[in-house]
Engineer: 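One structure follows; several queries about it will come next.
Letters A, B, ... are given to chains in the order of the sequence lines, protein chains preceding strands, and every chain is numbered from 1. Hydrogens, waters and symmetry mates are skipped; everything else that's a heavy atom, side chains included, is used.
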Amino acid sequence: MPDEKEQRYDPAAIETKWQERWAADPVLYAAEPAGSSKPKYYVLEMLPYPSGQLHMGHVRNYSIGDALARHMWMRGYNVLHPMGWDAFGLPAENAALKNNTPPREWTLGNVAAMKRQMQRIGFSYDWRTEVTTCLPEYYRWNQWFFLRMVEKGLAYRKKSKVNWCPECATVLANEQVVDGCCWRHEETRVEQRDLEQWFLRITNYAEELLQGLESLEGWPEKVRTMQRNWIGRSEGTEVDFFLEEINLGPRDQGNKEPEKQGSGVRDQGSERRRIRVFTTRVDTIFGATSVQLAPEHPLVAAFTRKDAGLRTQVAGLIDEQRRAREAGDVGAIEKHGVPTGQFAINPYSGETIPIWVANYVLMEYGTGAIMSVPGHDERDFEFAKKYAIPIRRVIAPADPRAEEPELPFTAEDGVLVNSGEYSGLSCAEAQKRLQEVAARSGFGGAKVIFRLKDWGVSRQRYWGTPIPMIHCERDGLVPVPDAHLPVILPEKIEITQTGGSPLARVPDFVNVTCPRCGGPAKRETDTMDTFVDSSWYFYRYTDAKNSSAPFGPERAEYWFPIDQYIGGVEHAILHLIYSRFWTRVMRDLGMIRNSEPATRLFTQGMVIKNGAKMSKSKGNVVSPDEMVAQYGADATRMYALFAAPPDRDLDWQEDGVAGVSRFLARVWRLTARHAAKARSVANGTNNACATASATAQKLLRKMHQTIARITLDFEGRWHFNTCVAAIMEYVNALQEADAQLGSDEISAGVVRELLLTLALLLAPFAPYLAAELWEQLGGEGNILRAPWPKSDPGLAKEDEIEVPVQINGKLAAVIRVAAESDGKTMEAAALADEKVKARTAGRTVVKVIVVPGRAVNLVVK
RNA sequence: GCGGAAGUGGUGAAAUGGCAAACACACUAGCCUUAGGAGCUAGCGCCCAAAAGGCUUGCGGGUUCAAGUCCCGCCUUCCGCACCA
């Protein structure tokens, strides 16, 4: 046996050796094509942005996915485990400004660097299916999809108020505004600007996206709830209040493009003007004592045209609301309002009530107008108190004996009072009746509205997918023909941060001929939001080299839906709702059959250090490269799994990595000591259990128990921290029996089985060391595809077990009994125990509860 | 305000309703030595000098033979949403 000193565990040497060997086999991690006899398993981790440096969050995310992928391979599945790069985005432009490096060069350099890091750690990706979203062979399909959406009316252009980040000099989606600030610039207030923008009609799918969440049982409840709230479905009623006819001067045409969710003003020829409100509590409408308009409501402009005083006051409200929105505390500002001096008529009661403008009414939600019912709504109550607007009770408790509750009374299980012919009806019944009346009489009806808005995808930046549209003076907006795709992003370009889109300053790009009339025309210079790229990238993995379509339908059909998707919870809304939308669009284009991209989603916790998220500004960043250099890739990734369950935040402690590294060294030495003995017998001769010694049987029992524990965790619980702990326990048991492993007491066949199994159990977590051990022990074939060990329940079972004996629920003694003991035997053993006897002396045992194999409890008086 | 998750030793944590603290880290004492970021042995929740014993899973109730685990109420922390009509 070689001197142990020369056999020091040297992770760098082992890992480099295997990395080279595995790199030489390009199909090592390749999935088999559709039609494979094996069941398919698609495991996917969210693709990173190529910043240039892998961080610990990546390492954790990919270590989880990698362990799962490796396990599934060993279980005999046909595994698809791909990786790619979310490579468009602003940082490349910033870097270009700072270092004068072209974005493409910078990005691809980062991709190469991070790929090296991933390969060094040994993640099992099939690099032949790598997807890089900034390359034309990928983004041309973004353009292709965009054109399909234009054809289907799912992509459209409109002028709208947009979120503008002055730092990015671009528009942000609603989803990218956090607390009134840019998601990438937490200090930068987002401004509101009016611009012509491209939108995708995600609201067409609002109902379905909401319904679909019900079926996603494999997704965390938290994510489903967040999406539910984001979609924000609300059932209610729209009601038109008639405007008391007054002199407004020339008819106002303010609202030329009606909002999808209902317009503020209807001008129906000779009919009277109306204000449409949305309410979820139409049953309280007899209690409406004012109508409140959002300050930006088109009708307000008409009212203020002749009233300079009102105009000033409204401007003040708008300003206040804007400032609050930018500060991110819209909910915190005090409620203010101004009476317009105009009146509206309640269509049910004919009552005339004043019209106000109020800063707590939002133009973006509902119709931008509400009926104010101070008796039965908290906000309206607060407002009415402040301005001495009448407060009226129109709902009473269902139980007539109940005391009259204080106002505002917002419960919905009451009955109507003071509500004309509707008095006496329950709230629910009244809502139904009032909706029917409104619909029949043409002044409203039932209505479902959503908080979700269409997805603004235009960006005035360079480093993104060019939107394939052409502006022709004669033909208007003309789509680029499919045959002209891709619209290539020009490479020679001067990046600036101001002055609009950099693309607009590239004449070669901008000036084209119109595909329709052949006349001079200009290209659209907006690029697409990068979330477009990540909305469908995982389909491309199934057919990454396809140059005639985004992917072949038969491949998507085979691999989808994704069996397990793994990533950070920060994508719970943005990426995960966009990709659910995109999947449905592709389904409706006939490209796929599934409606959801992934059946199971796992969101791992953050990696923190000293109680805070790792960040450069806090100076608590731990570099994966340093960890790998010091302790090896195996120790680094195994620690990432060992330190906490995957769904919880993980506090990075370098001492812990050192501990895992020492553990791996112990495994290494243990194997080195007994490798020769293990190698001395061939495979298949190792089933020596029947004749094995007591020590051997004990170790084999521990082995089977360990296999069972780990296998179970892979099947769903995913507490990989306890999997690693179980392996450690197993190794501790082997080490305690070190002398016997080396002696005749344990046969070579058993030693071989014990150690080969150890290597197999380690393979998902520490693949390099596992491969090395496998080779030293003379294991057959490639350990990566060796079958996962099976636990034999018979061999895993203990002969004798320890059972607690409780007296009145308190622990009194622990007895040893045979594992299969029945209740009577256990009871007898418990009563025979000295400690139990002492405690029960002179008292009566009233009852004995025996849980076979578990516990004995004596109820004693 | 609404929704979600969590609260256990010095630390990370473990525990199908059945012996709370597995597995590690840190620490303490000792051993070994080719002095290593190594290895080995022992100790390590709290109270008591020790033993015996008692106490202990944020707080208060409850269900149960038995509760860290289930139920009710509260507190704290973190996360998401929020004048959503």
Engineer: Taking only the P atom of each, what is the distance from B:G58 to B:C65 in whole angstrom?
Structural biologist: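 B:G58 and B:C65 have their P atoms separated by 25 Å.
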Engineer: Could you tell me whether A:Phe663 contacts a base, only the sugar-phosphate backbone, or nothing, with contacts defined as non-hydrogen atoms closer than 4.0 Å?
Structural biologist: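 Touches nothing.
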Engineer: Does the A:Asp833 side chain pair with the main chain of A:Ala813, one donor and one acceptor, at a distance under 3.5 Å?
Structural biologist: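 No, because the side chain of A:Asp833 does not come within donor-acceptor range (under 3.5 Å) of the backbone of A:Ala813.
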Engineer: Using a cut-off of 4.0 Å on non-hydrogen atoms, how would the nucleic acid contact of A:Asp380 be classed: base, sugar-phosphate, or nothing?
Structural biologist: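 The answer is nothing, as A:Asp380 stays clear of every strand by at least 4.0 Å.
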Engineer: Base, sugar-phosphate alone, or nothing: which one does A:Gly659 contact when heavy atoms must sit under 4.0 Å apart?
Structural biologist: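 If one applies the 4.0 Å heavy-atom cut-off, A:Gly659 turns out to touch the sugar-phosphate alone, with no base involved.
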Engineer: Who is the Watson-Crick or G-U wobble partner of B:A52, with both distances under 3.5 Å?
Structural biologist: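 Matched B:A52 with nothing under the 3.5 Å cut-off.
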Engineer: Taking the side chain from A:His704 and the backbone from A:Pro793, do they hold a donor-acceptor pair closer than 3.5 Å?
Structural biologist: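 Not a single qualifying donor-acceptor pair exists.
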Engineer: So A:Asn721, base contact, sugar-phosphate only, or nothing? Heavy-atom distance under 4.0 Å.
Structural biologist: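 A:Asn721: backbone/sugar contact only, no base atoms under 4.0 Å.
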Engineer: Between the side chain of A:Ser623 and the main-chain N/O of A:Glu626, is any donor-acceptor distance below 3.5 Å?
Structural biologist: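 Here the side-chain-to-backbone pair exists.
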Engineer: Does A:His336 or A:Phe642 map to a spot on RNA chain B nearer the 5' end, using the closest nucleotide for each?
Structural biologist: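 With A:His336 and A:Phe642 compared, the 5'-side residue is A:Phe642.
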Engineer: Go through the N and O atoms of the side chain of A:Tyr631 and the base of B:G37, and report whether any donor-acceptor pair is under 3.5 Å.
Structural biologist: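 Under the 3.5 Å cut-off, the side chain and the base do form a donor-acceptor pair.
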Engineer: Side chain of A:Ala725, heavy atoms from C-beta onward: which of B:C23, B:C84, B:A24 has the nearest atom to it?
Structural biologist: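 Of the candidates, B:C23 comes closest.
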Engineer: For the side chain of A:Arg854, counting heavy atoms from C-beta on, which of B:C83, B:A38, B:U16 is nearest?
Structural biologist: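 The closest nucleotide is B:U16.
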Engineer: Counting heavy atoms not belonging to A:Lys386, are there more than 12 under 6.0 Å from its NZ?
Structural biologist: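 More than 12 heavy atoms, drawn from other residues, nucleotides or ligands, come within 6.0 Å of this atom.
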Engineer: Find the distance A:Arg379:CZ to B:A82:P and express it as a whole number of Å.
Structural biologist: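 Checked: the CZ to P distance equals 14 Å.
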Engineer: Expressed in angstrom and rounded to an integer, what is the separation of A:His719 atom NE2 from B:G12 atom P?
Structural biologist: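 My rounded result for the distance is 17 Å.
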Engineer: Taking atom C1' in both B:G54 and B:U76, what distance in whole Å separates the two?
Structural biologist: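 Their C1' atoms lie roughly 30 Å apart.
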Engineer: Is it true that the NZ or CZ of A:Lys702 lies under 6.0 Å from the centre of A:Tyr730's six-membered ring and within 45 degrees of the ring axis?
Structural biologist: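 The answer is no; the distance or angle limit is not met.
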Engineer: So how far is it from A:Ile710 CD1 to A:Ser791 OG, rounded to the nearest 0.5 Å?
Structural biologist: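 If I round to the nearest 0.5 Å, the distance is 10.5 Å.
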Engineer: Go through B:A20, B:C55, B:C81 for me and flag the one nearest to the A:Lys810 side chain.
Structural biologist: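 For A:Lys810, the side-chain atoms sit closest to B:C55.
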Engineer: Among B:C79, B:G12, B:G3, which is the nearest nucleotide to the side chain of A:Thr225?
Structural biologist: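 Looking only at heavy atoms from C-beta outward on A:Thr225, the closest nucleotide is B:G3.
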Engineer: Between A:Thr367 (side chain only) and A:Arg276 (backbone N and O only), is there a donor and an acceptor less than 3.5 Å apart?
Structural biologist: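 Such a contact is found between A:Thr367 side chain and A:Arg276 backbone.
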Engineer: Between B:G18, B:A85, B:C83, spot the one nearest the side chain of A:Lys335, thanks.
Structural biologist: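 The answer is B:C83, which lies nearest to the side chain.
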Engineer: Heavy atoms under 4.0 Å, any strand shown: does A:Asp651 hit a base, just sugar-phosphate, or nothing?
Structural biologist: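 Nothing, no heavy atom under 4.0 Å.
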Engineer: Considering only heavy atoms from C-beta outward, does the side chain of A:Phe765 approach that of A:Arg637 to under 4.5 Å?
Structural biologist: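 No. Closest side-chain heavy atoms not under 4.5 Å.
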Engineer: So what does A:Val361 hit on the nucleic acid, given a heavy-atom distance under 4.0 Å: a base, only sugar-phosphate, or nothing?
Structural biologist: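 Since a base atom lies under 4.0 Å of A:Val361, the category is base.
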Engineer: Side chain of A:Arg839 only, please: which of B:G54, B:A14, B:C19 is the nearest?
Structural biologist: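 Between B:G54, B:A14, B:C19, the one nearest the side chain of A:Arg839 would be B:G54.
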Engineer: Hey, does the side chain of A:Arg451 come within less than 4.0 Å of B:A85's phosphate (OP1/OP2), counting only N and O?
Structural biologist: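 No, because none of the side-chain N or O atoms of A:Arg451 sits under 4.0 Å from OP1 or OP2 of B:A85.
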Engineer: Categorize A:Arg717 for me: base, sugar-phosphate, or nothing, with a 4.0 angstrom heavy-atom threshold over every strand shown.
Structural biologist: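 Answer is sugar-phosphate: A:Arg717 comes under 4.0 Å of backbone atoms only.
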Engineer: Could you state the CD-C1' distance from A:Glu654 to B:G12, rounded to the nearest angstrom?
Structural biologist: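 In whole Å, B:G12 C1' lies 15 Å from A:Glu654 CD.
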Engineer: Taking only the P atom of each, what is the distance from B:C59 to B:U11 in whole angstrom?
Structural biologist: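 Between the two P atoms, the distance is 16 Å.
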Engineer: Taking B:G80 as the reference, what is the distance to B:G9 when you measure between their C1' atoms (whole Å, please)?
Structural biologist: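 Result for the C1' pair: 32 Å, nearest Å.
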Engineer: Counting just side-chain N and O atoms, does A:Thr722 come under 4.0 Å of either OP1 or OP2 of B:C23?
Structural biologist: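 No, outside the criterion.
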Engineer: Hey, is the side chain of A:Glu802 pairing donor to acceptor with the base of B:C19 inside 3.5 Å?
Structural biologist: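 Looking at the base of B:C19, it does pair with a donor or acceptor on the side chain of A:Glu802 (distance under 3.5 Å).
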Engineer: From the set B:A85, B:G12, B:A66, return the single nucleotide nearest to any side-chain atom of A:Ala643.
Structural biologist: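 The listed nucleotide nearest to A:Ala643's side chain is B:G12.
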Engineer: For RNA chain B, whose closest nucleotide is more 5', that of A:Phe278 or that of A:Met728?
Structural biologist: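 Checking each residue's closest nucleotide, the 5'-ward one belongs to A:Met728.
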Engineer: Let me know the distance between CG of A:Leu452 and P of B:C81, rounded to the nearest Å.
Structural biologist: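 Rounded to whole Å, this separation is 14 Å.
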Engineer: Could you measure between the two C1' atoms, the one in B:G73 and the one in B:C78, and give it in whole Å?
Structural biologist: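 About 22 Å, rounded to a whole number of Å.
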Engineer: Write down the distance separating the C1' atoms in B:C75 and B:U41, rounded off to the nearest Å.
Structural biologist: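 About 46 Å, rounded to a whole number of Å.
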Engineer: Any sub-3.5 Å donor-acceptor pair from A:Thr279's side-chain atoms to A:Arg281's backbone N or O?
Structural biologist: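 Looks like yes, one N/O pair under 3.5 Å.
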Engineer: If you only use heavy atoms from C-beta on, which nucleotide in B:G18, B:C25, B:A22 is closest to the side chain of A:Glu729?
Structural biologist: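 Looking only at side-chain atoms, A:Glu729 lies closest to B:A22.
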Engineer: Is there a donor N/O on one and an acceptor N/O on the other, under 3.5 Å, for the side chain of A:Asn857 and the base of B:C65?
Structural biologist: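 Side chain to base: pair found, below 3.5 Å.
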Engineer: What nucleic acid atoms does A:Arg228 come within less than 4.0 Å of, heavy atoms only: base, sugar-phosphate, or nothing?
Structural biologist: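 Since no nucleic acid heavy atom lies under 4.0 Å of A:Arg228, the category is nothing.
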Engineer: Using the purine O4'-C1'-N9-C4 or pyrimidine O4'-C1'-N1-C2 torsion, is B:G9 syn (within 90° of 0) or anti?
Structural biologist: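 The base of B:G9 is oriented syn (glycosidic angle within 90° of 0).
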Engineer: I want to verify a distance call: between B:G80, B:A85, B:C23, whose nearest atom is closest to the A:Asn732 side chain?
Structural biologist: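 Of the candidates, B:C23 comes closest.
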Engineer: Would you indicate what A:Pro220 reaches in the nucleic acid, counting non-hydrogen atoms under 4.0 angstrom: base, sugar-phosphate, or nothing?
Structural biologist: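 No contact at all - A:Pro220 keeps every heavy atom at 4.0 Å or more from the nucleic acid.
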Engineer: Whole Å only: how far is the CD atom of A:Glu412 from the P atom of B:A85?
Structural biologist: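 Rounded to the whole Å, the gap is 11 Å.
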Engineer: For the side chain of A:Gln630 and the base of B:G37, is some donor closer than 3.5 Å to an acceptor across the two?
Structural biologist: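 By the distance-only test, yes, there is a pair.
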Engineer: Please pick, from B:C40, B:A22, B:G18, the nucleotide with the shortest atom-to-atom distance to any side-chain atom of A:Gln735.
Structural biologist: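 So the side chain of A:Gln735 is nearest to B:C40.
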Engineer: Which whole-number value in Å describes the distance from A:Arg233 CZ to B:G3 C1'?
Structural biologist: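 That distance rounds to 19 Å.
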Engineer: Starting at atom OH of A:Tyr360, determine the distance to atom C1' of B:A85, rounded to an integer number of angstrom.
Structural biologist: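 Going from OH in A:Tyr360 over to C1' in B:A85 covers 8 Å.
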